[in-house]
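Take a look at the structure below.
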Amino acid sequence: MDTITIIGEKCIIFIILQSRYLVITEKPSSARKIAHALDDSSSPRKGKYGKVSFYVAEHKGDELVIVSAVGHLYTIEQKKGGWSYPVYDIEWVPTYESNKKLSYTKQYLDAIIGLANKIDGYVSACDYDQEGSLIAYNIIKHGIGDQALTKARRMLYSTLTSKELVSAWEHITPSLDYSVVSAGKTRHETDWLFGINLSRALTLAARRFLDFKKVLSIGRVQGPALKFVYDLEQSIQSFIPTPYWKVYAETEIEGETYSLDYEKQTLKREIHARDVARECRGKKGKVNDIDEQSKNIAPPSPFNLGDLQNDAYKHFKMSPSDTLKAAEKLYLGAYISYPRTESNKIPKEINVKEILEELSKNRKYEEESKLLLGRKRFIPKQGKGEDPAHPAIHPTGQRPRQLKKEEKNIYDLIVKRFMASLGEDLIQVDTTISIEVKGHTFYLRGILTQKTGWTQFYGEYHKLKDQRIPKIEIGQIVPITSLSTRRRYTRPSSRFNPSSLVRKMEQEDIGTKATRSNIIDTLYQRGYVKSNKIKITELGEVTIETLQTFCPDIIKVEFTRILEKELKKIEENQKDPDKVFSEAMEELKSILEDFKKNEEQIGRSISNTILGKRSLDGGESCKVCNRDKLEDSVFCQKHTDVYNRVEDEFQQWRYALGYQWVEYLEKLNKLSGTGGYVKEVIKFILR
DNA sequence: GCAAGGTC
Ligand SMILES: [Zn+2]
């Protein structure tokens, strides 16, 4: 609101000018909250533009028209040409034009453009992150026009509480955050150009020798995600088990049997195991120490999306993308807060007490929420995860209606986790009783819960595992009533499942909370991986191996790290976005030239893998697979490496069991933990 | 038809 003062000769006239602002949010729920927070009477007028809701709020004499986007309303497309590569000429176009499945976005864009009428200023009120800055910029620039950009400002907030929103409005920036916008644009364009060009290059190479209907794809996030699966599969296929021995012992005290742990969890030689058995079996031991340690286990923090996806897989075997879908439904029904969050924190502005009061009206949660309400303070445990725009996932208190089974499960998990995060520490006492038998030590361990703390709110999602212990004193003599030793073999790492692969992507910091599970779905759709215990397919394998030669960067996590560093420089005005972009394009250009030059060879190796054919280019292949044989070996690189390790590991087996070479190979061949490549090599040696 | 990122 501007006050213009005109001082005439004899009088002073104040003219108060009301300004009209168009406020653009990222999603409908933020528009509603901002409108209610900023309207002086907390009751903004609600209007409809076609089917799209918008709000008109009066704020300190100004009029705010608040309308929302639905995420990105603009996307990248190639300007001209067909399905070929290289392609460098791109432009930003409305999303609904480029993707029919997203045609619903048209009504939102139409609404924003239609409402951009007699507006004094534009306000970008999208989420407080790079994508948010770009979403509003694209709409204003391409939808409303360049002249609107000069009147555009940015409103920044991290929680959608009235207090923060009012303050955000007061601290609105004088112009858009152009450096953040540039970083966002560069990210989109680099990803598009690398992703689309390399995907087409792979697909077209595969089609050279195959009637191949499918498309192949690769990208900055897909690449490393597939590489994780590939690497794990290599280690499983190359795994050679090692024998070890384990001691199982029991004692009996006052008629009750207790199992004992031997001092060493594993023994490396059979004779060591025999020694323990001979010296301790049937003997008596003396209690020489009783150690009691009380431990406090803090409550879990409320969920971020990754945690929720992980727990939903654990408890309901739901895939991460199904969990996201269910959580989205709950969010759109206003039963839970925004689910696409990386945060494990609930800021103090959120009224936890009020949420508990609402939850207590639901009989299912009445008892627990009333217990929590009996307290003086309502501070959820704060976790590590941070998010610039959204708090941790929590119930709103609003009672859900007509949920599907999966949504019901997810809702219950979220509510109980939220309540658990408000609980007190779980207190347990760990007891370790040391029993000495002829110089060998055995441990009798017990766990006793003293205070259930937060676990009483987490219900079936956390089971207490108490282990009782006998009444016993130092110096007491106890019998070893049973003792056996068993030979075991080490096992390879287990494969990823959709949830642990999301976790891995989180740990490696690739993709975002909203995209990780979808990208894993893409790997399945492409035929790169299969089954719930994720196994790479031959197609996935040949894709990784091709890229390892021709574009190793796209399957490396470091590619993302480098890009992030460059984007940060753009954000901080330390580097010209054009320079970052042209450097990336220089790299891409040389990769694509190289790819094109070798397209025939690449196509042949893809088709050979798929058809299970040996290579036809004259070179000899490995005795047990299609790959090229090394000069000084009968195997390819992979099988040669495996052969060398089979030789190395033999020493360990001879030491542990006194096995001879052939005996060793035959045993390995029978064990389930032995990797496929290992068995291929062994079968060849034993042929 | 191909990316990764938003969100319905
Ligand atoms: Zn081989």
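Each chain gets a letter, A, B and so on, in the order its sequence line appears, and its residues count up from 1.
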Is there a side-chain contact between Thr203(A) and the phosphate of dC2(B), meaning an N or O under 4.0 Å from OP1 or OP2? no

Sub-4.0 Å heavy-atom contacts from residues 123-140 of chain A onto DNA chain B, ordered by number: Asp127(A), Glu131(A)

In whole Å, I'd like the distance from the CD1 atom of Ile554(A) to the P atom of dC2(B). 16 Å

Is there any salt bridge (charged side-chain N to carboxylate O under 4.0 Å, His left out) pair reaching into residues 188-199 of chain A, and which pairs are they, with sequence neighbours excluded? Arg187(A)-Asp191(A), Asp191(A)-Arg220(A)

Any donor-acceptor pair under 3.5 Å linking the side chain of Thr537(A) with the backbone of Gly527(A)? yes

Would you mind telling me which of dC2(B), dA4(B), dG6(B) lies closest to the side-chain atoms of Ile519(A)? dA4(B)

Any side-chain N or O of Arg526(A) below 4.0 angstrom from OP1/OP2 of dA3(B)? yes

Touch check for Phe212(A), heavy atoms < 4.0 angstrom, all strands: base, sugar-phosphate only, or nothing? nothing

Which residues, if any, of residues 496-512 of chain A bring a heavy atom under 4.0 Å of DNA chain B? Gly511(A), Thr512(A)

Is Val221(A) touching bases, backbone alone, or none of the nucleic acid, heavy atoms closer than 4.0 Å? sugar-phosphate

For Tyr528(A), the ring pair (Phe, Tyr, Trp, His ring centres under 6.0 Å) test, sequence neighbours excluded, returns none

With nearest nucleotide decided by heavy atoms, which residue, His390(A) or Ser217(A), maps closer to the 5′ end of DNA chain B? Ser217(A)

Sugar-phosphate, base or nothing in reach of Leu198(A), heavy atoms under 4.0 Å: nothing

Would you mind reading off the distance between Gln525(A) atom CD and dC2(B) atom C1', rounded to a whole angstrom? 13 Å

Verify the distance criterion only: is there a donor paired with an acceptor across the side chains of Arg208(A) and Ser607(A) at less than 3.5 Å? no

Among residues two or more places apart or on two chains, list those pairs meeting salt bridge (charged side-chain N to carboxylate O under 4.0 Å, His left out) that have a residue in residues 329-343 of chain A. Glu328(A)-Arg340(A), Glu342(A)-Arg516(A)

With sequence neighbours left out, which residue pairs that include part of residues 78-106 of chain A fulfil the salt bridge (charged side-chain N to carboxylate O under 4.0 Å, His left out) condition? Lys80(A)-Asp89(A), Lys106(A)-Asp110(A)

Expected list for residues 67-80 of chain A near DNA chain B, using heavy atoms below 4.0 Å, is Val70(A), Gly71(A), His72(A), Thr75(A), Ile76(A)

Ignoring hydrogens and angles, does a donor from either the side chain of Trp83(A) or the base of dC2(B) sit under 3.5 Å from an acceptor on the other? yes

Any Arg516(A) side-chain N or O less than 4.0 Å from OP1/OP2 of dA4(B): no

Let's see if you can work this out: which of dT7(B), dA3(B), dG6(B) has an atom nearest to the side-chain heavy atoms of Thr515(A)? dG6(B)

Residues that Tyr55(A) engages under ring pair (Phe, Tyr, Trp, His ring centres under 6.0 Å), provided they are two or more places apart: none

Just to confirm, is there a sub-4.0 Å distance from OP1 or OP2 of dT7(B) to any side-chain nitrogen or oxygen of Arg340(A)? yes

Should Glu566(A) and Lys569(A) be marked as a salt bridge (Lys or Arg N to Asp or Glu O under 4.0 Å) after you check the CA-CA gap, both sets of side-chain angles, and the distance that decides it? CA-CA 5 Å; Glu566(A) 294 295 292; Lys569(A) 288 181 201 160; 2.9 Å; yes

Parallel, tilted or perpendicular: which one describes the rings of Trp92(A) and His72(A), with boundaries at 30° and 60°? tilted

Kindly state which residues belonging to residues 534-543 of chain A come within less than 4.0 angstrom of DNA chain B, counting heavy atoms of the residue only, listed by number. none

For this output row, return yes or no: ring centroids of Tyr21(A) and Trp169(A) closer than 6.0 angstrom. yes

Going by the ring-ring contact (aromatic ring centres under 6.0 Å, His included) test, which pairs reach into residues 205-225 of chain A, not counting sequence neighbours? none

Residues 192-205 of chain A vs side chain to side chain donor-acceptor pair (under 3.5 Å), sequence neighbours excluded, gives Gln78(A)-Arg200(A)

Hey, are Thr159(A) and Glu164(A) close enough side-chain-wise for a donor-acceptor pair under 3.5 Å? yes

Which residue, Gln222(A) or Glu26(A), contacts DNA chain B at a nucleotide closer to its 5' end, judged by nearest heavy atom? Gln222(A)

How would you list all residue pairs meeting salt bridge (charged side-chain N to carboxylate O under 4.0 Å, His left out) that involve residues 576-586 of chain A, not counting sequence neighbours? Lys575(A)-Glu583(A), Lys579(A)-Glu583(A)

Protein-nucleotide distance (Asn99(A), atom CG; dG6(B), atom C1'), rounded to Å: 13 Å

